[in-house]
Number of protein chains: 2
Amino acid sequence: MDPNDLAKAFVEHYYSTFDSNRAALGNLYQEGSMLTFEGIKTQGSQNIVAKLTSLPFQQCHHTITTIDCQHSGPAGGMIVVVSGNLQLAGEQHALKFGQMFHLMPTPQGSFYVFNDIFRLNYG
Amino acid sequence: MDPNDLAKAFVEHYYSTFDSNRAALGNLYQEGSMLTFEGIKTQGSQNIVAKLTSLPFQQCHHTITTIDCQHSGPAGGMIVVVSGNLQLAGEQHALKFGQMFHLMPTPQGSFYVFNDIFRLNYG
């Protein structure tokens with residue numbers, strides 16, 4: 001699969017899951033996975049899902065502006081950098097965000113998120 | 001060295017070099033290094049420096065807003081994600097940018113940039 005197509009498919013899957021059933025994102029992380037969300041570090045699938053499901057908003061919708069990807073080295077990983085808008089229910093203006101995923105291959109031929117760094121870009 | 005201190009030192013070195021002598025950034029990349037600058041991919045130290053020095057502005061100044069870092073895996077790499085402002089000479093308003101570096105260790109105990117993804121964040 002072309003890396004750009006893979007990155008696009010991952011991004012679509014990630015944010016559609018985030019916007020519809022955030023708890024299901026746990027399947028995309030493993031025990032060694034790290035999330036830095038607005039500067040707060042969390043490690044491990046369970047803790048990451050706990051963090052994501054405890055964010056102070058319920059309904060939201062991500063819209064993607066840019067996706068960039070590169071191979072990350074001989075281990076077969078891939079870096080995906082996303083920019084976009086996050087619309088929270090009841091808010092007039094969307095928030096701009098940037099997010100970086102480092103995907104690593106699984107023995108089953110799929111990928112999981114090893115590194116995840118999220119930041120809102122304040123205007 | 002603490003990873004956060006290392007990331008901060010790298011970021012300060014990178015942008016002060018960018019703002020004072022862009023051609024010297026070549027020392028931070030190697031032949032396998034990749035740069036995606038506003039969606040345009042370039043590979044290898046020489047090509048990356050050629051891209052950076054041919055950008056359509058001369059004097060500029062980067063100001064850093066956030067730095068996040070995580071270990072990238074067993075190979076000893078580190079992911080550094082930066083957000084900040086880029087002020088171009090003669091322009092009234094600074095441009096917001098986001099940049100991701102994947103640093104890999106050298107045999108000499110230093111680091112080089114393996115992955116580099118840069119995007120302006122348009123308001």
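Proteins come first, then strands; the chains are lettered A, B, ... in the order of their sequence lines, and each starts at number 1.
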Evaluate the side-chain proximity of A:Asn4 to A:Cys69: yes if any heavy-atom separation is below 4.5 Å, no if none is. yes
Which atoms of B:Ser72 come close to chain A, meaning under 4.5 Å heavy atom to heavy atom: side chain ones, backbone ones, both, or neither? both
Backbone N or O of B:Asp116 within a donor-acceptor pair of the A:Gln70 side chain at under 3.5 Å? yes
Under 4.5 Å to a heavy atom of chain A? For B:Met34 that would be both
With a 4.5 angstrom heavy-atom cut-off, is it the side chain or the backbone of A:Leu35 that approaches chain B, or both, or neither? backbone
CD/A:Glu38: more than 12 non-hydrogen atoms of other groups inside 6.0 Å: yes
Hydrophobic clustering (ILVMFWY, side-chain heavy atoms < 4.5 Å, transitive) - are A:Leu28 and A:Phe114 grouped together? no
When the 4.5 angstrom heavy-atom criterion is applied to B:Leu120 and chain A, the contacting part is neither
Excluding sequence neighbours, so at least two apart, what forms ring-ring contact (aromatic ring centres under 6.0 Å, His included) with A:Phe118? A:Phe37, A:Phe97
Honestly, the part of A:Thr36 sitting under 4.5 Å from a heavy atom of chain B is both
State the CD1-CD distance between A:Ile67 and A:Gln99, to the nearest 0.5 angstrom. 11.5 Å
If the contact rule is any heavy atom under 4.5 Å from chain B, which residues of residues 7-27 of chain A qualify, in numerical order? none
At a 4.5 Å cut-off on heavy atoms, which part of B:Asn85 comes close to chain A: side chain, backbone, both, or neither? neither
Between A:Ser83 and A:Thr66, do the side chains contain an N or O donor and an N or O acceptor separated by less than 3.5 Å? yes
